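All values derive from a computational prediction rather than experimental measurement. Here is the naming used below: chain letters follow the sequence lines, and residue numbers restart at 1 for every chain.
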Amino acid sequence: MALEGRWLHPVAGPDEVRAPEQVRDEEVLLLAVARGDQAAFAALYDRVGSLVHGIVRRVVRDPAQSEEVTQEVMVEVWRSAVRFDPERGSARTWILTMAHRRAIDRVRSEQASRNRTARVADQQYARDFDEVSERVEVSFEHEQVRGALSTLTDLQRQAVELAYYQGYTYREVAELLDTPLGTVKTRMRDGLIRLRDALGVA
Amino acid sequence: MSQRPDLHTLTGAYAVDALPEEERVLFEAHLAVCGACGQEVQELQATAARLGAASVAGAPAGVREQLLVQIDQVRQERPGPGVDAPVEAVAARRVVPRWVANGLGIAAALLVVAVGGLAVVVASLQGQVADLEVLAGDAERTSAELRTVTERLAELEQQAGEPPVLTSSALTDVLAAPDVITVSVTHDDVLGRVVASPTRGEAVFIAENWSPAPSEHTYVLWLITPDGAVPAGLFDPDEQGRATRVMTGDMARATAIGITIEPEGGSPVPSDEPMMTLQLG
């Protein structure tokens, strides 16, 4: 098959501009994984592993737990690759959506017993976007996203960041920001819509 | 809690995984029938993934090796219908969403197969109606088509003699109840979940990863009460193995929900022990 040699040579690293062929290669790899191709799985891991681990680290924070979750996510990618439908989004979106969900699940079960609201009230939620984790690299994608986030209103940005990066439910976010539930829901939605437009997400 | 949550505005919260578990399940049930929300969620999930991709961190070196060993022992899910030629699917990817491109062709085709599975058709048409509602503002032509489909839907529901498989308002009502409880049971990957409000006596059943019932058979939900089993509705999983069903009957008297396989059309009493039981309270 003509495609075979291609995924041995990554077209671009995850922190470079995403060329269309890179996006397509990830799809081809994931579709090959769905057919049980272990070499394709290895190649896919080489492309998206650091993205998966990046978001998991960001949400879960604890290094040992993050490693576990990253492994779980990738095994899940292997197991359920057949569910990926290219008509409904890119391979990268599919994988990172799964990674985020798993990371959030871990954080929520971990913290179910604690009073998270109190914890955060003490701790001041608003970490600088740059102060992610020591190992997180500053990338082109990072700069783009930071630029896009700066176009949001404070409330939109806080709502999206608290939910996405820190794993709070919208009910918790409403409490933390002392804002009505309905407003928080709406700000999450219109904040993401604005980001979508700023980032040119198709 | 007196205010009815509007499910359509939950797309953002869903895309960043900010819905509590029960609401996520209910919203996913809504997604299955609301084309407009489905489209928006896809876009917002892609946007959220960009937020995720802004953080890059190399996993510890051993992870790759461990994974390659691990996957060798993990059985993959089997392909479902239509997943056979994925590579071609990439090449032929449509820019226009499938539901717009195929539009009413699907609805027409579904009407033809209506004999086989009315419930499924009703669910699909509800999705079509939601889709068409979005377009209604754009073209008069569309509103005529929308009327046709809506009429067909009403007809089919009447023929089916069953309440609609799912209505957003029923879901919203259960969700908004102050005493909402969720009970889930999983056998292997097969999930059954009941979201119920005892005070309102209402419940929604949600199925994930169910195989189709044997031919000329259907799944039946039963309320297990002190006086015996009372039928509470039929369901047939869709192609993804999912179903959502507003249950009939008085939930307040039920101590459990049971599921059996019965001949098409259901039975007055269960013909066998339940294949799955969800204990309430």
Trainee: Mind checking whether Gln144(A) and Arg50(B) have side chains closer than 4.5 Å, heavy atoms only?
Mentor: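 A side-chain contact exists here, since the closest heavy-atom pair is under 4.5 Å.
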Trainee: To the nearest 0.5 Å, what is the distance between CG (Leu19(B)) and NZ (Lys185(A))?
Mentor: 9.0 Å
Trainee: What is the distance from atom OG1 of Thr9(B) to atom CZ of Arg189(A), rounded to the nearest 0.5 Å?
Mentor: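 Rounded to the nearest 0.5 Å, the OG1-CZ separation comes to 7.5 Å.
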Trainee: For Arg108(A) versus Ala18(B), what's the shortest heavy-atom pair and its separation?
Mentor: NH2-CA, 3.9 Å
Trainee: State, with a plain yes or no, whether a side-chain heavy atom of Arg64(B) is found less than 4.5 Å away from one of Asp46(A).
Mentor: yes
Trainee: Quick one, Gln70(B) and Trp78(A) - any side-chain contact, counting heavy atoms below 4.5 Å?
Mentor: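 A side-chain contact is absent here, since even the closest heavy-atom pair is not under 4.5 Å.
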Trainee: Can you tell which part of Glu40(B) gets under 4.5 Å to a heavy atom of chain A, answering side chain, backbone, both or neither?
Mentor: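 For Glu40(B), the contact with chain A is made by the side chain alone.
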Trainee: Taking C-beta and beyond as the side chain, do Phe41(A) and Leu68(B) meet within less than 4.5 Å on heavy atoms?
Mentor: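 Heavy-atom side-chain distance check passes, below 4.5 Å.
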Trainee: Check Pro20(B) against Tyr170(A) and note the closest heavy-atom contact, atom names and distance.
Mentor: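 Smallest heavy-atom distance, with atoms named: CD-CE2, 3.9 Å.
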Trainee: Over all heavy atoms of both residues, which pair between His53(A) and Pro60(B) is shortest? Give the atoms and the distance, please.
Mentor: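 Taking His53(A) first and Pro60(B) second, the nearest heavy atoms are NE2-CD, 3.9 Å.
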Trainee: Taking all heavy atoms of Ala46(B) and all of Val201(A), pick out the closest pair and write down the distance.
Mentor: CB-CG1, 3.5 Å
Trainee: Within this structure, what is the CG-CG distance for the pair Leu195(A) and Leu44(B), rounded to the nearest 0.5 Å?
Mentor: 9.5 Å
Trainee: With a 4.5 angstrom heavy-atom cut-off, could you sort out which part of Ile104(A) is near chain B: side chain, backbone, both or neither?
Mentor: side chain
Trainee: Let me confirm one number: the CG-OG1 distance from Asp190(A) to Thr11(B), rounded to the nearest 0.5 Å.
Mentor: 10.0 Å
Trainee: Select one option (side chain, backbone, both, neither) describing which atoms of Leu181(A) are under 4.5 Å from chain B's heavy atoms.
Mentor: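 No part of Leu181(A) comes within 4.5 Å of chain B.
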Trainee: Please report the closest heavy-atom contact between Met188(A) and Val16(B), naming both atoms and the distance.
Mentor: SD-CG2, 4.2 Å
Trainee: Which of the residues Glu21(B), Gln42(B), Gln66(B) is involved in the greatest number of heavy-atom pairs with chain A at under 4.5 angstrom?
Mentor: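 Top count of heavy-atom pairs under 4.5 Å with chain A: Gln42(B).
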Trainee: Between Gln76(B) and Val33(A), is any pair of side-chain heavy atoms under 4.5 Å apart?
Mentor: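 Yes - at least one pair of side-chain heavy atoms lies under 4.5 Å apart.
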Trainee: If you look at every heavy atom in Leu67(B) and Gln71(A), which pair is closest and at what distance?
Mentor: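 What the structure gives for the nearest pair is CD2-O, 3.7 Å.
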Trainee: First locate atom CD of Glu43(B), then atom CG of Asp197(A), and finally report the distance between them rounded to the nearest 0.5 Å.
Mentor: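 Glu43(B) CD to Asp197(A) CG: 9.0 Å, rounded to 0.5 Å.
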Trainee: Picking from Ala81(A), Gly182(A), Ser80(A), which has the most non-hydrogen pairs under 4.5 angstrom with chain B?
Mentor: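 Of the candidates given, the most pairs with chain B belong to Ser80(A).
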Trainee: Does Val82(A) reach the side chain of Arg78(B), with side-chain heavy atoms less than 4.5 Å apart?
Mentor: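 No; the side chains remain at least 4.5 Å from each other.
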Trainee: Which one wins on heavy-atom pair count under 4.5 Å against chain B: Met74(A), Arg187(A), Glu67(A), Arg101(A)?
Mentor: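 Winner by heavy-atom pair count: Arg101(A).
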Trainee: Going from OH on Tyr45(A) to CD1 on Ile71(B), what distance comes out if it is rounded to the nearest 0.5 angstrom?
Mentor: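 Tyr45(A) OH to Ile71(B) CD1: 12.0 Å, rounded to 0.5 Å.
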Trainee: Quick check on Leu96(A) against chain B: is it the side chain, the backbone, both or neither that has a heavy atom closer than 4.5 Å?
Mentor: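 Contact with chain B is through the side chain of Leu96(A) alone.
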Trainee: Do Tyr165(A) and Leu51(B) have side chains that approach each other closer than 4.5 Å (heavy atoms only, starting at C-beta)?
Mentor: yes
Trainee: Taking the side chain as C-beta and beyond, is there a heavy-atom pair between Glu23(B) and Arg171(A) under 4.5 Å?
Mentor: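 Heavy-atom side-chain distance check passes, below 4.5 Å.
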